[in-house]
Amino acid sequence: TPGIVLPSPQVPVAGSSGPVCAGGTLALAAASVSGATYAWTGPNGFFSSLQNPTLVSVTAAASGTYIVTATANGCSTAASTSVTVNTPPSAPAAANGGPICAGGTLALTASAIANATYAWTGPNGFTSALQNPSIPNATAAAAGVYSVTATVSGCTGPAGSTSAVMNPVSAAIAAPTQICLTSGNTGTASVPDAGSGATYAWTITNGAITGGQGTPSIAFSVAAAGPTTLGITVVSGGCSANGSATISVQTQCGGLSTL
């Protein structure tokens with residue numbers, strides 16, 4: 001009796017979801033072959049009898065060639081697919097040029113990582129795709145923590161971070177807008193306290209500073225009707241700010257006095 005020659009099963013086209021990032025899931029796939037069973041083998045001792053197996057939390061050791069064998073009617077055919085598992089880069093070393101003065105430029109830096117793209121996030125909605133971005137005319141809102149990640153071959157590593165410190169110095173003078181001489185010729189003025197070590201240099205026209213020179217708050221007197229202008233320079237932490245305020249000095253104010 002002549003032997004029966006069975007046809008070989010169709011070759012099971014093999015594929016994968018690679019390249020994948022270390023820590024991710026690798027999905028292997030074999031085309032359907034009628035009546036077949038499957039046997040996968042691969043790197044690091046991998047074996048599976050599923051048609052479409054998955055490997056979770058893969059490492060670089062999962063890189064390599066995977067072979068799938070389809071068996072039907074006692075006959076087998078095989079196909080293969082190559083997989084690359086990319087290791088995400090390490091966290092960039094992040095730094096900044098602070099502390100800086102309000103109105104200055106805040107420079108951010110990240111260490112160089114070969115073939116990386118960068119993504120920065122930070123206070124006040126800040127984002128940047130530059131490795132070393134900068135923020136010109138920075139305000140107090142720019143203070144805080146900035147984070148940066150690096151991505152290589154589609155894999156994003158952990159974030160590096162840096163804390164930026166701003167030295168906001170305010171010279172906004174709080175003072176009366178009007179002085180009525182019928183009720184006196186004195187007043188007070190102040191600026192926000194700029195902290196330990198700050199200096200305050202006050203000036204006045206059409207009057208005299210009678211107390212508090214060198215501090216955030218002063219007392220003053222006016223000499224005569226007409227405009228009186230207060231000026232101040234505040235210096236703190238290497239940062240300075242200038243401010244001024246004009247006071248209307250009147251002989252009388254309709255019976256009202258504003259101090």
Exercise for the section: Check whether any side-chain N or O of Gln51 sits under 3.5 Å from a backbone N or O of Ala30 as a donor-acceptor pair, and report yes or no. Expected result: yes

Practice task
Using atom types as modelled and distance alone, determine if a side-chain donor or acceptor of Thr229 lies under 3.5 Å from a backbone N or O of Thr246.
Solution key: no

Practice task
Search all heavy atoms of Pro43 against all heavy atoms of Gly64 and return the closest pair with its distance.
Solution key: CG-CA, 3.7 Å

Problem - Qualifying residues under side-chain hydrogen bond (donor to acceptor under 3.5 Å, both in side chains), relative to Asn167, sequence neighbours excluded - result: none

Exercise for the section: State whether the side chain of Ser170 and the backbone N or O of Ala172 hold a donor-acceptor pair below 3.5 Å, judged by distance alone. Expected result: yes

Completion exercise
Rounded to the nearest 0.5 angstrom, the OG-CD distance for Ser111 and Gln131 is 7.5 Å

Problem - ILVMFWY network linking Val152 to Val83, side-chain heavy atoms under 4.5 angstrom - result: no

Handout entry: Verify same cluster id: Ile173, Val235 (apolar side-chain graph, 4.5 Å)
Key = no

Problem - Any donor-acceptor N/O pair, Ser17 side chain to Ala27 backbone, under 3.5 Å - result: yes

Problem - For the student: nearest non-hydrogen atoms of Ala194 and Ser236, plus distance - result: O-OG, 3.1 Å

Problem - pair Ile218-Leu230: side-chain heavy atoms closer than 4.5 Å - result: yes

Exercise for the section: Answer yes if Met166 and Val191 sit in the same cluster of Ile, Leu, Val, Met, Phe, Trp and Tyr residues linked by side chain heavy atoms under 4.5 Å apart, and no otherwise. Expected result: no

Handout entry: Side chains of Tyr200 and Ser217 in contact at under 4.5 Å (non-hydrogen atoms)
Key = no

Problem - Trp120 vs Thr149 side-chain heavy atoms within contact, under 4.5 Å - result: no

Fill in the blank from the handout: Here the gap from Asn86 atom CG to Cys155 atom SG, rounded to the nearest 0.5 Å, amounts to 4.5 Å

Practice task
Give, for atom OG of Ser34 and atom CG of Asn73, the distance between the pair rounded to the nearest 0.5 Å.
Solution key: 8.5 Å

Exercise for the section: Would you mind reporting whether Val58 and Val20 have side-chain heavy atoms less than 4.5 Å apart? Expected result: yes

Problem - Point-to-point distance, once rounded to the nearest 0.5 Å, from OG1 of Thr151 to CG of Asn115 - result: 12.5 Å

Practice task
Spell out, yes or no, whether Val234 and Phe220 are grouped together once hydrophobic residues are joined by side-chain heavy atoms under 4.5 Å, including indirect joins.
Solution key: yes

Handout entry: Single-linkage hydrophobic cluster, 4.5 Å side-chain cutoff, Ile179 and Ile209 together
Key = yes

Practice task
Measure the shortest side-chain to side-chain distance between Leu55 and Thr25 over non-hydrogen atoms and say whether it is less than 4.5 angstrom.
Solution key: no

Exercise for the section: Quick one: do Ile135 and Asn124 satisfy side chain to side chain contact (heavy atoms under 4.5 Å, CB included)? Show the steps, please. Expected result: CA-CA 11 Å; Ile135 303 173; Asn124 208 30; over 6 Å; no

Fill in the blank from the handout: Rounding to 0.5 Å, atoms CD1 (Ile204) and OG (Ser221) come to a distance of 6.5 Å

Problem - N/O donor-acceptor pair under 3.5 Å between Asp193 side chain and Gly195 backbone - result: yes

Handout entry: Trp202 side-chain N/O to Gly212 backbone N/O, donor-acceptor pair under 3.5 Å
Key = no

Practice task
Ignoring hydrogens and angles, tell me if any N or O in the side chain of Ser161 forms a donor-acceptor pair with the backbone of Tyr146 under 3.5 Å.
Solution key: no

Practice task
Answer yes or no: is there a side-chain heavy-atom contact under 4.5 Å between Leu26 and Leu28?
Solution key: yes

Handout entry: Flag, side chain of Asn96 to backbone of Gly98, donor-acceptor distance under 3.5 Å
Key = yes

Problem - Min side-chain heavy-atom separation Ile113-Pro92 under 4.5 Å - result: yes

Practice task
Answer whether the closest heavy-atom distance between the side chains of Val222 and Leu181 falls below 4.5 Å.
Solution key: yes

Problem - Side-chain donor or acceptor of Thr109 paired with backbone N/O of Asn132 under 3.5 Å - result: no

Exercise for the section: Go through the steps for Ser248 and Gln250 under the test side-chain hydrogen bond (donor to acceptor under 3.5 Å, both in side chains), then give the verdict. Expected result: CA-CA 6 Å; Ser248 174; Gln250 300 183 22; 3.3 Å; yes

Exercise for the section: Kindly say whether Ala107 contributes a backbone atom to a donor-acceptor pair with the side chain of Ser134 at under 3.5 angstrom? Expected result: no

